[in-house]
Asker: 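For reference, the structure I am asking about is given below.
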Amino acid sequence: MSVILYGLPTCDTCRKARNWLDRFAVPYMFVDYRANPVPAATLKLWAQQLGGWEALVNKSSTTWRNLLPQRKNPGSDPEWTLLLKEYPALIRRPVVLKEDGSVSVGFSDNGFKKLFPR
């Protein structure tokens, strides 16, 4: 499997990404990260590849806005991973893991055309 798509099955953006991959016949495996939690080490690796935790966390989400103020400023990798384990909906969706190990987050038609050139 060349692509792993991590997300939530009820997420509209994840559905759009899956439909795009199906339409362009890109083989992928979908992983519901609420049902199959991502290990802390993997979350840390994703954050590093994306340029930090801020790039991995969706701060415009309702989940983020409803967090207590003291939870919004994790000071270490273990605090970030604990927060994301507790609230997996905070992870930007979808997370795309390509066969070469590269990671990207989110979906747009143009973005996926660049990720999966034909």
Side-chain angles (χ1 to χ4, degrees):
M1 194 61 49
S2 60
V3 176
I4 302 174
L5 192 75
Y6 292 86
L8 301 173
T10 57
C11 170
D12 287 338
T13 306
C14 292
R15 281 191 204 126
K16 289 175 188 175
R18 294 170 78 181
N19 287 338
W20 191 98
L21 293 170
D22 290 340
R23 186 170 68 244
F24 290 97
V26 176
Y28 69 95
M29 179 175 72
F30 180 76
V31 176
D32 175 350
Y33 56 63
R34 199 175 266 151
N36 302 292
V38 178
T42 302
L43 290 171
K44 183 178 176 183
L45 181 65
W46 289 353
Q48 289 171 342
Q49 287 190 30
L50 293 168
W53 290 104
E54 305 288 329
L56 185 59
V57 173
N58 180 3
K59 290 189 172 184
S60 63
S61 71
T62 303
T63 304
W64 180 264
R65 288 191 303 266
N66 289 335
L67 285 178
L68 295 173
Q70 59 269 31
R71 296 297 307 269
K72 292 182 181 182
N73 295 308
S76 65
D77 290 340
E79 288 177 25
W80 276 109
T81 56
L82 180 64
L83 182 66
L84 295 178
K85 287 286 197 184
E86 193 174 337
Y87 301 100
L90 287 174
I91 301 172
R92 287 187 195 271
R93 299 184 290 271
V95 175
V96 179
L97 179 63
K98 292 180 66 178
E99 191 171 19
D100 65 4
S102 63
V103 176
S104 68
V105 291
F107 168 77
S108 72
D109 185 62
N110 286 336
F112 267 43
K113 283 178 183 175
K114 289 176 186 170
L115 273 178
F116 306 106
R118 294 264 147 211

Asker: Nearest heavy-atom pair of S102 and Q49: which atoms, and what distance?
Answerer: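 So the minimum-distance heavy-atom pair works out to CA-OE1, 3.7 Å.
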Asker: Find out whether V105 and N58 are in side-chain contact, i.e. whether some heavy atom of one side chain is under 4.5 Å from a heavy atom of the other.
Answerer: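 They are not in contact (no side-chain heavy atoms under 4.5 Å apart), so the answer is no.
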Asker: Apply side-chain contact (heavy atoms from CB on, under 4.5 Å) to N73 and list each qualifying residue two or more places apart in sequence or on a separate chain.
Answerer: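 In terms of side-chain contact (heavy atoms from CB on, under 4.5 Å), with neighbours along the sequence ignored, N73 is linked to no residue.
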Asker: Kindly determine whether V26 and F112 satisfy side chain to side chain contact (heavy atoms under 4.5 Å, CB included), including the steps that lead there.
Answerer: CA-CA 11 Å; V26 176; F112 267 43; over 6 Å; no
Asker: Just so I know, are the side chains of P94 and T13 near enough to count as touching, which here means a heavy-atom distance under 4.5 Å?
Answerer: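 Yes, close enough: below the 4.5 Å cut-off.
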Asker: At what distance, to the nearest 0.5 angstrom, does CD1 of I4 lie from CD of E99?
Answerer: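 Answer rounded to 0.5 Å: 9.5 Å.
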Asker: At their closest point, which heavy atom of P117 faces which heavy atom of K114, and how far apart are they?
Answerer: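 Answer, listing the atom of P117 first, then K114: CD-O, 3.5 Å.
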Asker: Got P9 and F30 here, is their nearest side-chain heavy-atom distance under 4.5 Å?
Answerer: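 Side-chain contact under 4.5 Å: yes.
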Asker: Could you pull out the closest heavy-atom pair between R65 and S60, with the gap in Å?
Answerer: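 Shortest heavy-atom separation between R65 and S60 comes out as NH1-O, 2.5 Å.
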Asker: Look up atom CG in D12 and atom CZ in R93, then write down how far apart they are to the nearest 0.5 Å.
Answerer: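 D12 atom CG to R93 atom CZ measures 9.5 Å (nearest 0.5 Å).
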Asker: Taking the side chain as every heavy atom from C-beta outward, state whether R15 and F107 have any pair of such atoms under 4.5 Å apart.
Answerer: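 Counting from C-beta outward, R15 and F107 never come under 4.5 Å.
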Asker: Side chains of W64 and L90: closer than 4.5 Å at any heavy-atom pair?
Answerer: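 Yes. Closest side-chain heavy atoms under 4.5 Å.
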Asker: Taking ring-ring contact (aromatic ring centres under 6.0 Å, His included) as the definition, give me every residue that meets it alongside F24, ordered by chain and number, with sequence neighbours left out.
Answerer: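 F24 satisfies ring-ring contact (aromatic ring centres under 6.0 Å, His included) with W20 only.
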Asker: Starting at OH of Y28, measure out to CG of L5 and round the result to the nearest 0.5 Å.
Answerer: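 Y28 atom OH to L5 atom CG measures 7.0 Å (nearest 0.5 Å).
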Asker: Less than 4.5 Å apart, any side-chain heavy atom of D32 and any of L8?
Answerer: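 Side-chain contact under 4.5 Å: yes.
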Asker: Does this structure show an ion pair linking R18 with D22, if we count only N-O contacts that are shorter than 4.0 Å?
Answerer: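 No salt bridge links R18 with D22.
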Asker: Under a 4.5 Å side-chain heavy-atom rule over Ile, Leu, Val, Met, Phe, Trp and Tyr, are L82 and V38 clustered together?
Answerer: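 In one cluster with L82: V38, no.
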Asker: Just jot down the side-chain contact (heavy atoms from CB on, under 4.5 Å) partners of D77, sequence neighbours excluded, or say none.
Answerer: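 Once residues adjacent in sequence are excluded, the partners of D77 under the side-chain contact (heavy atoms from CB on, under 4.5 Å) criterion are K44, W53.
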Asker: How far does NZ of K72 sit from CG of L83, to the nearest 0.5 angstrom?
Answerer: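 Rounded to the nearest 0.5 Å, the NZ-CG separation comes to 11.0 Å.
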Asker: Going by distance alone, is a donor N or O of one side chain under 3.5 Å from an acceptor N or O of the other, for N110 and S108?
Answerer: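 There is no such pair (donor and acceptor under 3.5 Å, judged by atom type) between the side chains of N110 and S108.
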Asker: Side chains of L56 and L84, heavy atoms from C-beta outward: is any pair under 4.5 Å?
Answerer: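 Yes; the side chains approach each other to less than 4.5 Å.
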Asker: Ignoring hydrogens, what is the shortest heavy-atom contact between R92 and E54? Give both atom names and the distance.
Answerer: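 Taking R92 first and E54 second, the nearest heavy atoms are NH2-O, 3.7 Å.
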Asker: Working to the nearest 0.5 Å, report the span between SG of C14 and OH of Y33.
Answerer: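 Reported value, rounded in 0.5 Å steps: 6.0 Å.
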Asker: Apply the side-chain contact (heavy atoms from CB on, under 4.5 Å) test between S104 and each candidate in L97, V96, V95; give the one that qualifies.
Answerer: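 Among L97, V96, V95, the one that satisfies the side-chain contact (heavy atoms from CB on, under 4.5 Å) with S104 is V96.
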Asker: Using side-chain heavy atoms (C-beta onward) and a distance below 4.5 Å, is I91 in contact with Y6?
Answerer: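 When only atoms from C-beta onward are counted, Y6 and I91 do not touch, as no gap falls below 4.5 Å.
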Asker: Following the transitive rule for hydrophobic clusters with a side-chain heavy-atom cut-off under 4.5 Å over Ile, Leu, Val, Met, Phe, Trp and Tyr, establish whether W80 and L45 coincide in one cluster.
Answerer: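 W80 does not cluster with L45.
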Asker: Testing the basics here: between V103 and L50, what is the closest heavy-atom pair and its distance to 0.1 Å?
Answerer: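 Result for this residue pair: O-CD2, 3.6 Å.
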